[in-house]
There are 2 protein chains.
Amino acid sequence: MSRYDPSAFPPFAVTVDLVVLTVRDHALCALMVRRGEPPFQGFWALPGGFVRPDEGLIEAAARELAEETGLRTHGAVGQEPGEGAHLEQLATYGDPQRDPRMRVVSVAHLALAPDLPTPRPGGDVRSARWAPVEELLGRGKDDGLLLAFDHTRILADGVERARSKIEYSALATAFCPAEFTVGELRQVYESVWGVSLDPRNFHRKVTGTPGFLVPAGGTTTRQGGRPAQLFRAGDATVLNPPMLRPDA
Amino acid sequence: MSRYDPSAFPPFAVTVDLVVLTVRDHALCALMVRRGEPPFQGFWALPGGFVRPDEGLIEAAARELAEETGLRTHGAVGQEPGEGAHLEQLATYGDPQRDPRMRVVSVAHLALAPDLPTPRPGGDVRSARWAPVEELLGRGKDDGLLLAFDHTRILADGVERARSKIEYSALATAFCPAEFTVGELRQVYESVWGVSLDPRNFHRKVTGTPGFLVPAGGTTTRQGGRPAQLFRAGDATVLNPPMLRPDA
DNA sequence: TCAAAAGTGTTAAAGCTACACCCATGC
DNA sequence: GCATGGGTGTAGCTTTAACACTTTTGA
C-alpha cells in the first residue's frame, strides 16, 4: 500500500565511497584521504561524497574519482584504450549506526588504476596518499589501522573483490599502463595476491589465453635482462580457463 | 568540505527489492507480485519496500521476504539448519529516472529458497506467483515480459548471480529441502543452468568434494528407481574444485 | 663474462569426459 | 521380468605444476 508512497518516506542521505586500488613498488595500495573535521577527525578514510540529485550512482563515483585523482574512467569519450581506470559498483553499506550524525547509505565502488603520480590534494581533501593495503588492513583480524566509519570493512571487501576478480577476468590489465610486458603483468598478480608465481608457466598461460593480450609490436628492456615483447589488453573480459590463486 | 554536512543533503528514498528464486517443476522461478497502483499499475514487479529508519539493509530485505513468503533467513534464531532461505545483497540501482515520481535508490537482494507452496498474497500485495525465469526474461534480449521499473534488469542480474555462484559455492543446496538426494541436487543444477549433466560424473563430483554433502542416514525412493542416499548440506561454503557449467 | 629476465620444452600428476557396467527398488 | 534411477570402474584426453634449458640484453 504505502510501499511507494512518494510523499512519506524516511530521510536518507546517499553517498558513494571509493576503493581505489593500484600497484606501487610491488605492493597493492589504496587511495586514502585524511578527514579534516569530525566525526573521525584526523582519521584516514576512503574518498567519497554525496550523490547529487540528478546523477546516477556510477556517475557520482566517476566524478569523485576524477576530482580526487584526475583519472577518467574506461569508456569516457575521447579516451585512448588502456587509459583511465576501471570502475564498478562494489556493495552498499547502510547500517543505521554507521554514521553517528544521521542515516547515511553509502554505495561503495571499486576502481582499479595503473600506477599514478602521488595524488594531488585538491577540492575538499586535506591530504591524500597511496597506502599499502597490508598496512591498512594488517595480516590478521583487527590488526590494521583504525579507519573512519566502516571503511575498514569496505576496503577489505574491495580488496577481496579485486583479488578474486583477476582470477577469472582480464581486469589485471587495468593495473598496467597501456603497453606492458608479461613480466609486468605477472608482478601485478604477485602484488595483488601476495604470492610468487612461476614466470614460465605464467607466460604460457597468459599468452595462450585468446583475447587476453595482443602484441603491441615493440620490445622493452625496462625490467632488465632480455628484451620483452610489449602487449596491450585484448578484447577478452572473461578468462577461460581462469588464473587460479595458489593454495586457497 | 560539505562531503558529510548532515544538514544539507539531497532527499533520497531508499528501498529494497528482492529477487527470490526457487526451482519448481524443473524450472528456475522467481517470485513476482502484481502492482495495484500507478506507476506501472497491473505490471508484474519484484517484491520490495521501503527501508525503515532504524533497520539495516539486509534486515529490511529479510523482513520483506518474511512478509511476502513467510520464509525465515539462514541464521535466524531458533531455526533448524537447512530451514529458511539464503539471503545476500545483490546490487544497488539508482538511476535518477528509474522511478518517475522521485529519486529512489533500491538496494536489491537475492534470496534462494527451496520449493514452497504457492505464495500467499498478504499485506499490501494484490497477487503473487512463481513465474518461470525464462518466461520473464525470454531467451534473447528484449524477448521477455515487460516488468515494472528496471526490474527486468535487476532480475537478470540476480539470475546471473545465482547461475554463476552455484559454480564455485555450495549455494545450490539452498534450493533443496533439508534432506535431499544427489539426483535432486543435480536437477537443481540442470534447472538453474538449463542444461543436462551426466548423472554418474555429477554424483562422483559432489560426493567427492569435502564438506559439500554429509550423509543424513536414510534413503528414499521418491524419485523412483533404486533407493538413493539422503544428504544434508555440509559446512563447506566454497567448492574446490568448482562445478563448471558446460560450454559457456 | 656474468647476472638477470624472457621464453621454450618436457614430464609426471591430477582432473575431466564419456562411456560400460552393475545394483536395488516399484510395478 | 522390466523400467527407472542410483552408483562404481575405467580408458583417453586435457590441464596443471615443476623444473631443465636456451636466448638476449645491460653492466
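Only heavy atoms go into these numbers, but all of them, side chains included; no hydrogens, no water, no symmetry mates. Below, chain A is the first sequence line, B the second, and so on; all start at residue 1.
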Check every strand shown and say whether A:R186 touches a base, only sugar-phosphate, or nothing at a heavy-atom separation below 4.0 Å.
sugar-phosphate

Whole angstroms only, please: what is the CG-P distance between A:L185 and C:dA5?
17 Å

I want to confirm an ordering. Mapping B:P241 and B:G225 to their closest nucleotides on DNA chain C, which one lands closer to the 5' end?
B:P241

Quick check: on DNA chain C, is the nucleotide nearest B:P242 upstream (toward 5') of the one nearest A:N201, or the reverse? Name the residue that is more 5'.
A:N201

In the structure I gave you, are the side-chain heavy atoms of B:V195 and B:R245 within less than 4.5 Å of one another anywhere?
no

Would you indicate which nucleotide in D:dG7, C:dC16, D:dG5 comes nearest to any side-chain atom of B:Q223?
D:dG5

D:dG6 phosphate, OP1 or OP2: any side-chain N/O from B:H203 under 4.0 angstrom?
no

What integer distance in Å separates B:Q187:CD from D:dT4:P?
15 Å

Looking at A:R153, I want to see if its CZ is surrounded by more than 12 non-hydrogen atoms of other residues, nucleotides or ligands under 6.0 Å.
no

Check whether the side chains of A:D157 and A:Y93 place a donor and an acceptor atom closer than 3.5 Å, and report yes or no.
yes

Whole-Å distance between D:dA11 C1' and B:R200 CZ?
14 Å

What's the NZ-P distance between B:K205 and C:dA18, to the nearest Å?
13 Å

Base of C:dA24, side chain of B:R226 - is there a donor-acceptor contact under 3.5 Å?
no

Looking at B:D143, I want to see if its CG is surrounded by more than 12 non-hydrogen atoms of other residues, nucleotides or ligands under 6.0 Å.
yes

Side chain of B:R204 - closest among D:dG26, C:dA5, C:dC19:
C:dC19

Figure out the CE/C1' separation between B:M243 and C:dT17, and round it to whole Å.
13 Å

Quick one: which of D:dG7, D:dA18, C:dT25 gets closest to the side chain of A:D198?
D:dA18

Between C1' of C:dG26 and CZ of B:R222, the distance in whole Å:
16 Å

Rounding to a whole Å, what distance do you find between B:R245:CZ and C:dC16:C1'?
18 Å

B:E167 has an atom CD; how far is it from atom P of C:dC16, in whole Å?
13 Å

Using only atom types and a distance under 3.5 Å, with no angle test, would you say the side chain of B:R163 pairs donor to acceptor with the backbone of B:V192?
yes

